[in-house]
Amino acid sequence: MSDSKRTIGEAELRDRVRALLAQAHPDAVDRVTFRRAQYDHGLAWVHFPEGYGGLGLSPGMQSIVDDEIALHARTIYWNLAINAIGIGMGAPTVMTYAAEHYKQQLLPRIFTGEDIWCQLFSEPSAGSDVAGLATRAVRDGDDWIVNGQKVWASIAHKSSWAMLLARTDPNKPKHDGLSYFLLDMKSPGVDVRPLYQITGDAEFNEVFLNDVRIPGDRILGKEGMGWRVAITTLMNERVALGGSSRPGHGLSEKLLNLWREEGPSGPRGADGRSAAEIAVLRDAVVRLHIESELLGITNQRTKSAMRAGNPGPEGSVAKLVQAELNKKITELGLELIGSDALVYETGYPLRRGEDFPARTRRENAKHDFLRARANSIEGGTSEVMRNILAERMLGLPGEPRVDKDVAWKDIPRG
Amino acid sequence: MSDSKRTIGEAELRDRVRALLAQAHPDAVDRVTFRRAQYDHGLAWVHFPEGYGGLGLSPGMQSIVDDEIALHARTIYWNLAINAIGIGMGAPTVMTYAAEHYKQQLLPRIFTGEDIWCQLFSEPSAGSDVAGLATRAVRDGDDWIVNGQKVWASIAHKSSWAMLLARTDPNKPKHDGLSYFLLDMKSPGVDVRPLYQITGDAEFNEVFLNDVRIPGDRILGKEGMGWRVAITTLMNERVALGGSSRPGHGLSEKLLNLWREEGPSGPRGADGRSAAEIAVLRDAVVRLHIESELLGITNQRTKSAMRAGNPGPEGSVAKLVQAELNKKITELGLELIGSDALVYETGYPLRRGEDFPARTRRENAKHDFLRARANSIEGGTSEVMRNILAERMLGLPGEPRVDKDVAWKDIPRG
Amino acid sequence: MDIRFSDEHEELRRTIRQFLSAESGEQAVRAAMATERGHDPKLWQRMAQELGLAGLVVPENFGGAGMGPIEALVAFEEMGRVLVCAPALASHFAANAILAVAGEADQEALLPGIAAGTSLATVAHVDAAGRWDLSIVSNEARREGESWRLDGVWRYVLDGHVADRLLLVARVPDGLGLFLVEGEATGLTRKALPGLDLTRRLAELRCSAVAARRIGEGDARPGLERALQLTIAALVAEQTGGAARCLEIATDYAKSRYQFGRPIGSFQAIKHHCADLLVSVELMRSAAYHASFVAATGEGDLETAVHQAKAWCSEAYFEVAAENIQIHGGMGFTWEYPAHLYLKRAKSSEVLFGSPARHREQIGERLGL
Amino acid sequence: MDIRFSDEHEELRRTIRQFLSAESGEQAVRAAMATERGHDPKLWQRMAQELGLAGLVVPENFGGAGMGPIEALVAFEEMGRVLVCAPALASHFAANAILAVAGEADQEALLPGIAAGTSLATVAHVDAAGRWDLSIVSNEARREGESWRLDGVWRYVLDGHVADRLLLVARVPDGLGLFLVEGEATGLTRKALPGLDLTRRLAELRCSAVAARRIGEGDARPGLERALQLTIAALVAEQTGGAARCLEIATDYAKSRYQFGRPIGSFQAIKHHCADLLVSVELMRSAAYHASFVAATGEGDLETAVHQAKAWCSEAYFEVAAENIQIHGGMGFTWEYPAHLYLKRAKSSEVLFGSPARHREQIGERLGL
């Protein structure tokens, strides 16, 4: 858990944050300057070793740093907003597997957001079964030549670097024939295209790789070890929990506001609903609000457990609950709106997901309803989450596998 | 569909029923006399051949006979009440597989109810996986000696005959090592014990078989053909559909009556529920009532399709809907009762399921709530029903099988 | 009551399916939904003239197909399967309203054009507050000598932005009146509403002292109630067809999509979802078929049949359309894959003509609960 | 608020679990539930004296364990796991009521016996109409000189058939009063109600001019509200323990039961049910732990925390107990297998202290919806 010679306690950690702020304050200097200073103070990822943005502490202690900064600054930088994939998943992978000069080159720029990162794992034919992917990397001298198609790559159109998983040996069983590459997104042959969704927004990309050349020293781990490296990346995917843990500030908050301001009994309430209809709706709203509150408390329990170094099943539960609950909440939101749900004021212009226009609460509720359809698919389908919960948390046996110990090229693929 | 030389139409069939009634009328003669005459007129199972209680017609035409009798008689005999398993499942199996002298001996007595029949398939270790059963039958001269334990045998304590499935060759794959026997329930070594349920009632039995001797000519089909014969029996299991198809007379009828007479707004309404609570309950009641009505209509469609000789998926759907719906209906019934649901007036004396005391509507609702827990298990679990629907109706592929082409004795059994 | 389709019904089904699979494939639907009108008028002409889909229930002497609720059921089920962009529901509502309310002269004046597809009619009965019940119509008509004037807002009018004959429902001293307004009438402003569902257009009409001609005599409410019920019966048929198609699409995908070396439909998680959808769709069929057979035979209570069908089919269609997306995984919620078109149609047809909760409430009232 | 158990809490949990697994196995539960009393008084004595379970929150100077809501949470969670037949909830309710309402003299008179398990106390507040809210108490107390008289029916009284000290809630001119009635008082008729749940007895009390002594001064309602909240907090902990145990039983069975040559837990149909149950149980833990931690720390609103916990845990426990039966197949609904005992406890504890719908309604009111 720690490489440091002695343990740093909470009080000393707070002192170090104050020392950082004395030297570079986010309200006074620009983002890159501040974040670079934070990195140099070992306060970027406190669980990383000293010299790499960390102090060798337990991961749960990062929240002390974040809280302390929040206490003294108006300008708050959110990892999720700056470089979610790079900071959350790229950095730990680089830390664990990259060569020393890459660590020094990449880690600070990830943290400052100078380099945005994306992940290129999923493919059209490899969704839940990522390890079945087909993108090929063929050796050419010291380099590799990559061909294939990736999907669901968020932020790829703004990324400098990608974590790329490709197949280097189709004659091995599927997990054994993969290698993990650092891909410079400016390489020739990389073609990023927006992937439009049900809302008309494109939050994700398709990435086509045509004879893309990657230098040999950009394999992380070793050739054929790609799956193990990918596990490190994926294990870090759900570290940043969604959902707040403050009572009344969870997923149901929007629903309650919608009720109060535009719902059946709110100022804009319409549709002349009967008292009985309103009672039925109210019961449904409260039902989902309770579940939302309990999700928040569950997140809180997870944080407590992580701080104590005892992560339990609560974290994996949260992803499943959140996905299913948010779908129900947004469906009910639409029901509150009533007949006006037939209208979609903003229309469906195809556009990049970050180009959101300003929307009214009502318009947001409609957009959220559509957007939520993806919640139980993105980041692991609810079906996959149930498998994980049942097998890893409850210890239930796996299913009979037809794709083990078979060369990847011989696995049935329909 | 028919062995008869010429087709008998609906009008002629009604004539034949009237001829039967002219000769033996259920209001005038005793049950055995009437039912024997019905058998002799070929009106017991109209789809059986002439001489075996039938006329070689399509099965759907039986309802014309039943309707016509009901039109002219006050005394109505229900197959389900007289000898459900014998008439519904035993007879078609005997008809298809038994030797001629057994057909002549057994079929009329099944129909009159002189011989009650039961089915001995399930075992403690073979529930959903009936074909995995372990009861052994070993040859001894011309006879067989059977040892094992059967469960979920309804009416076994009153039965003269049982349809018994036993393993005659453990070295063959599981479906191939079974044989199907007619078992005289008075044979020495047959020990029938009541199996008490959640309600304290015993509707089913356990049957212990200790060195039970069965004559060799009581194998139906041939040795090792037992599974094929059992399929005939099981295919006939769901012929008698549950649930009425008259609007307002389905599963929800009890719930509506409970509401009207003892519910939140009924004369005995208590618990001082608020108008909002009542509105929420009403919506839930109507929701289940609608589903109940649709189940009735679905049953009606099945009958129409059967009459037209085009059975569709509607029949298999009904079992699943009925099981899950009845659970929800009885749960809501208990909710209507309110705090009084804490009280179980009749207590739980362990007794035979047919020894029902008279009960009030409220007491019935409580009993039904408990009894309904079994609905999604008995006669095929809801999980098995979903497999059947998906694989047989939608054509979805089966799962990888680990118990095919393996000697039964080598199949993992935990 | 025996719910069974005759050979003629099956023949009608085959004919419509064949036509629509040729003329209203996904590309045609996407092209039509991108237009301002929301449908291809040439296709609608052909649907009217070759298949009689514009005047299904219009008697033959007025140039219609002279069919009844069961044929309408079959037709809307088929149209629902492919999400055809066409003013069929508007036309059906209008034809039923005219048949139930108008005198013979008006029928003769209005129905032939509707049936031929040369005139597009629609009914407007929902006011700005958005309530679908005919018991709560707030717009009033003003008598002015021999004629009438209309003021107010009518919302969620099927194809109201392009219909040339608008049938507006308004209160009159003796109950409800049905008023004919020409599409280009003075004082009428109409705009297509940007729809959640791109495959069926709704409009808002604003009337400012619009001159209108009253159709029929006496309180139009009973006739309009029946017309509304028959229209909802058609809508639930459409929902059933759409859901059945979603189930087919999901099942086909589950058979052909491999993950972990197996078709995903061999995993019980997917397989049992599909089984549950099959159950939902079968009960939709029961609900929708029952409603139209009650309408056709007069056996049973049409109002109850329609309420229960609308309550069930609305939620079931949405469930099936949503699960179809889930079964497809990431592809399911992309713009380029058609699953979202069904989801949006499912949600919009759930809201159209009143929420499931409201229909359940009405059943509760009828049951005396 | 940091929801975390200390080492002392974990030690308490281990101690209780060890004791109960030795003393309250399935056979002991079945034996106790078959008695008229409904519990084994010797076992209860030991639970009181060795573990302090009768007077968990009774201060040490009155002979109690001097613990708080978090220790009660742990204790009830453990008792709920094994369905121990014991008047623990009655005792907890009574102790909390006395602590909240009674003056020091009464506390000194009543609490030591309760804590020692030599005196069994319970609270009765529900009238014949069956409503659990303290805002709707219909029984009234009559003043007679220095003392009081009670008339009426009190229902669903935890262990009221055997308690020697009955604390009856009745209306008085200044609000609610708490009245002490001895178990053998003249004019008191009591009968055990035949219970849906055999593992916890409820009784009905009928008072006909029963002489009663009033406990505490002024309106007892605020104190009783808090006592009720703390009792419900214990009940949701019990529900959580019971559900967690059902999940363990179901999971163990799914691992060891083979059908089709595989453990049934390897089929996704079963596996995903188990995953959903795990989710339900984790949210139960969040709900129940939160309520007791709010009670212990004073951070947050206890009433809301209790309403949400009772609403959620009641439905979730029933879901888990019912699914446990389903996973077991036929065996699951036999009398001889214990799954039905959990189902009945789940249902009865859902009804006890008010339905989930009522608790949701109260949250709705608090949210201003």
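Chain naming here is simple, since letters A, B, ... match the order of the sequence lines and numbering starts at 1 in each.
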Quick one about [Y] and [X] (side-chain donor to acceptor, distance below 3.5 Å, no hydrogens or angles considered), yes or no?
{"X": "C/E319", "Y": "C/S280", "value": "yes"}
{"X": "A/E335", "Y": "C/S355", "value": "no"}
{"X": "A/E324", "Y": "A/S382", "value": "yes"}

At a 4.5 Å cut-off on heavy atoms, which part of [X] comes close to chain A: side chain, backbone, both, or neither?
{"X": "C/H273", "result": "side chain"}
{"X": "C/K255", "result": "neither"}
{"X": "C/E361", "result": "side chain"}
{"X": "C/Y337", "result": "neither"}

Looking only at non-hydrogen atoms, find the nearest pair between A/I337 and A/A365 and report the distance.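 Nearest heavy atoms, A/I337 then A/A365: CD1-CB, 3.7 Å.
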Is it the backbone or the side chain of [X] that comes under 4.5 Å from a heavy atom of chain C, or both, or neither?
{"X": "A/K327", "value": "side chain"}
{"X": "A/A131", "value": "neither"}
{"X": "A/P194", "value": "neither"}
{"X": "A/V343", "value": "both"}
{"X": "A/R371", "value": "neither"}

For the candidates [options], which exhibits the highest count of non-hydrogen atom pairs separated by less than 4.5 Å from chain A?
{"options": "C/L198, C/I136, C/L352, C/V126", "answer": "C/L198"}
{"options": "C/K347, C/E336, C/R360", "answer": "C/K347"}
{"options": "C/I270, C/T334, C/I325, C/L341", "answer": "C/T334"}
{"options": "C/E350, C/H328, C/R257", "answer": "C/R257"}

Out of A/K174, A/Q149, A/K150, which residue meets the side-chain contact (heavy atoms from CB on, under 4.5 Å) rule with A/L133?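 Answer after filtering A/K174, A/Q149, A/K150: A/K150.
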Quick one: are the ring centres of C/W335 and A/F204 less than 6.0 Å apart?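 Not close enough - the centres of the two rings lie 6.0 Å or further apart.
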